[in-house]
S.K.: 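This is the structure I want to talk about, given as structure tokens.
In this chain, numbering begins with 1 at the start of the sequence shown. The figures that follow rest on heavy atoms only: side chains count, while hydrogens, waters and symmetry mates do not. Owing to the predicted nature of the structure, the values given are computational and were not obtained by experimental measurement. Atoms within each ligand, like the ligands themselves, are counted from 1 in listed order.
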Amino acid sequence: MTCCYETIEGMRGKLTSGAISSVELTRESINRITDLNPSLNAVITVNEERALDAAAKADAARREGNSSPLLGIPMLHKDIFCTQNMPTTCASKMLEGFVAPYDATVVKRLNGAGMVTLGKCNMDEFAMGSSNETSHFGACKNPWDTARVPGGSSGGSASAVAAGLAPLATGTDTGGSIRQPAALCGITGLKPTYGRVSRYGMIAFASSMDQAGPMARTAEDCALVLEAMAGADPLDSTCSDQVVPAYSAHLGDCVQGMRVGVPKEFFANDLNSAVAETIEASLKELEKLGAKLVDVSLPSTSLGVSTYYVIAPAEASANLSRYDGVRYGYRCDNPTDLQDLYLRSRTEGFGEEVKRRILIGAFTLSAASYDQYFMKAQQVRRLISQEYEDVLSKVDVIAGPSAPNTAFALNDSSKSITDMYMEDVFTIGANLAGLPAMSVPAGIVEGLPVGMQLIGRRFGEVDLLRLAHQFQQRTTWHTLTPKMEERH
Ligand code: GLN
């Protein structure tokens, strides 16, 4: 039996009926990783022995009557989550070979729910990037076309789920890193409200925006996983203690009359015209579900990217100061003195994009430029948040494209650094404002997937998930697969 493109919900049915065991599912995933990963480079650590052991334990627990919905389902973690007994590299030479002494809260919770961790996914170094090309372990490929990028920074996670290596991978989203790769790989990804999911043990990039979430085939699967991931954590003081709703129990709730705001700025020049048509067709599907489309405006959309690229590097420069060659991580050979140790360890351990961000961050935080850049960016962030809040007081959800284009070519020398930054023009607003947002497969343009983005009110994941779920009941985009094995 092959289950590779099965959803979590589908696998759960087969496990419950006894049609397959978790050990068999896990073996199948591992075999698929062995076959396909050489052409994808989506997975950078595989943990076969432990995975099979966890699967055997899950099978035993099921026999003893445990019916947890995620029990025995194989999955992968973005390599930004600390895992005990398995390397955590953040795709950086700086952390090559690093093994954390503890599990991240997200890891602990999914283990606790009985999931089977197969290994860790490739990503942009320290989650900085939109193409997964900044990884120290080499670029990851898009299974729909291996000459193209899977998006980033959670590119490995998106590529792995799209290729059927596992039905779930975790991701993190600071400026779009769950939604943009989900869109480019044709899967469903959810960035929760800031503070919905604990950041404990998740390597920090820009702490005021970083948020972990599920990347899966369907909204239904994202709902099941978010239920297990979310909720208060005494180890993260920014994690909210708001009660976690039973997201999966609300998927069928009526969407009749739901007001969906369509910001005109999301359909401006930056958007590829074929992508625009696809999104417009998807908006019509939302209308057929009974939703009411409302024209809205988010005039500061064009300021989002520049605001983010002041705030995120500033926070990154502070967060990454801990990699000094002394405590843990990469250390240069034969340092002559302490200064040389710092300088060479960081110069040799970090990649180009990470160093660029540290430099920008150190500059904007310096006494001479703090008011002009960092303070200004914080003020604009406030303005952007306010605009989202105003719009979301009139509509329930905002809808538009997740990314301006479909997957672009690997090593595209015509793409400048700022072109790359523009990939997140539609996703960054939700991070600056701390709002939940997701990307849902919405069409295919020239053989490549397109994602529709839904943005909700703070802690409004229930609305996003039910709208996305009902959209997926009407459409089949989320069921399309790249059919890697046929080309293989
Ligand atoms: N692409 C954005 C960046 O490079 C977003 C990354 C992210 O969300 N982690 O910073």
Side-chain angles (χ1 to χ4, degrees), residues 77-81 90-92 106 121-135 139-140 149-158 169-185 189-192 194 197 199 202-215 270 304-317 319-320 350-361 364 377 381 402-405 407-408 415-439 451 453 455:
H77 280 293
K78 181 175 183 177
D79 205 19
I80 196 169
F81 293 97
C90 237
S92 181
V106 163
C121 285
N122 202 351
M123 54 183 283
D124 279 301
E125 185 181 6
F126 283 103
M128 298 174 192
S130 301
S131 65
N132 212 125
E133 290 168 294
T134 72
S135 168
C140 170
V149 306
S153 65
S154 312
S157 301
T170 51
T172 61
D173 190 314
T174 305
S177 280
I178 287 179
R179 291 161 285 160
Q180 185 254 13
L184 269 45
C185 290
L190 168 65
K191 178 200 96 72
Y194 181 78
V197 174
R199 290 184 294 114
M202 187 177 114
I203 293 175
F205 162 16
S207 310
S208 75
M209 292 179 281
D210 295 344
Q211 190 56 201
M215 302 176 77
D270 301 328
V305 171
S306 33
T307 306
Y308 171 88
Y309 278 98
V310 172
I311 295 174
E315 294 186 20
S317 75
N319 277 324
L320 271 58
F350 289 133
E352 191 186 336
E353 182 62 23
V354 172
K355 280 188 271 205
R356 180 179 297 119
R357 307 266 180 129
I358 293 173
L359 284 175
I360 296 172
T364 60
R381 178 179 192 172
S402 299
N405 295 297
F408 46 93
K415 227 172 155 72
S416 69
I417 292 158
T418 43
D419 288 343
M420 198 70 96
Y421 292 176
M422 286 307 287
E423 274 298 301
D424 295 314
V425 61
F426 304 128
T427 48
I428 270 172
N431 301 83
L432 290 168
L435 302 172
M438 61 191 297
S439 181
Q453 184 180 203
I455 305 173

S.K.: Drop me the distance from Ile428's CD1 to Gln180's CD, to the nearest 0.5 angstrom.
M.R.: 10.5 Å

S.K.: Measure Ser177 to ligand 1 on non-hydrogen atoms and call it side chain, backbone, both or neither using the 4.0 Å cut-off.
M.R.: both

S.K.: Report yes or no: does a heavy atom of Ala312 sit under 4.0 Å from some atom of ligand 1?
M.R.: no

S.K.: Would you say the side chains of Thr134 and Glu125 form a donor-acceptor pair under 3.5 Å?
M.R.: no

S.K.: Identify, by atom number and element, the atoms of ligand 1 in contact range of Tyr308, meaning under 4.0 Å from any of its heavy atoms.
M.R.: 2 (C), 3 (C), 5 (C), 6 (C), 10 (O)

S.K.: Kindly give the heavy-atom pair with the smallest separation between Asn319 and Ser207, and that separation in Å.
M.R.: ND2-OG, 2.9 Å

S.K.: With respect to Asp173, determine whether any N or O atom, backbone or side chain, lies less than 3.5 Å from an N or O atom of ligand 1.
M.R.: no

S.K.: Specify whether Phe350 and Phe126 have parallel, tilted or perpendicular ring planes, treating 30° as the upper limit for parallel and 60° as the lower limit for perpendicular.
M.R.: perpendicular

S.K.: Relative to the heavy atoms of Ser153, which atoms of ligand 1 are at a distance of less than 4.0 Å?
M.R.: 9 (N)

S.K.: Any Lys/Arg nitrogen of Lys355 or Glu352 sitting under 4.0 Å from an Asp/Glu carboxylate oxygen of the other?
M.R.: no

S.K.: Please work out which of Arg357, Met420, Glu423 has its closest non-hydrogen atom nearest to atom 4 (O) of ligand 1.
M.R.: Arg357

S.K.: Which ligand 1 atoms, with their elements, are less than 4.0 angstrom from a heavy-atom of Phe205?
M.R.: 9 (N), 10 (O)

S.K.: Do ligand 1 and Ser130 have nitrogen or oxygen atoms that lie under 3.5 Å from each other?
M.R.: yes

S.K.: Donor-acceptor pair, distance only, cut-off 3.5 Å: does the side chain of Lys191 make one with the backbone of Thr174?
M.R.: no

S.K.: First locate atom OG1 of Thr170, then atom CE of Met202, and finally report the distance between them rounded to the nearest 0.5 Å.
M.R.: 9.5 Å

S.K.: Should you measure from each heavy atom of Tyr309, which atoms of ligand 1 turn up under 4.0 Å away?
M.R.: 1 (N), 2 (C), 3 (C), 4 (O), 10 (O)

S.K.: So if I count the atoms of ligand 1 from 1 in the order they appear, which ones are less than 4.0 Å from some heavy atom of Gly176?
M.R.: 8 (O)

S.K.: Just to be sure I read this right, does ligand 1 sit under 4.0 Å from the backbone of Asp424, its side chain, both, or neither, counting only heavy atoms?
M.R.: side chain

S.K.: May I ask you to say whether Lys415 pairs ionically with Glu133, meaning some side-chain N is under 4.0 Å from a carboxylate O?
M.R.: no

S.K.: Looking only at distances, can you tell me whether any N or O atom of Gly152, backbone or side chain, sits closer than 3.5 Å to an N or O atom of ligand 1?
M.R.: no

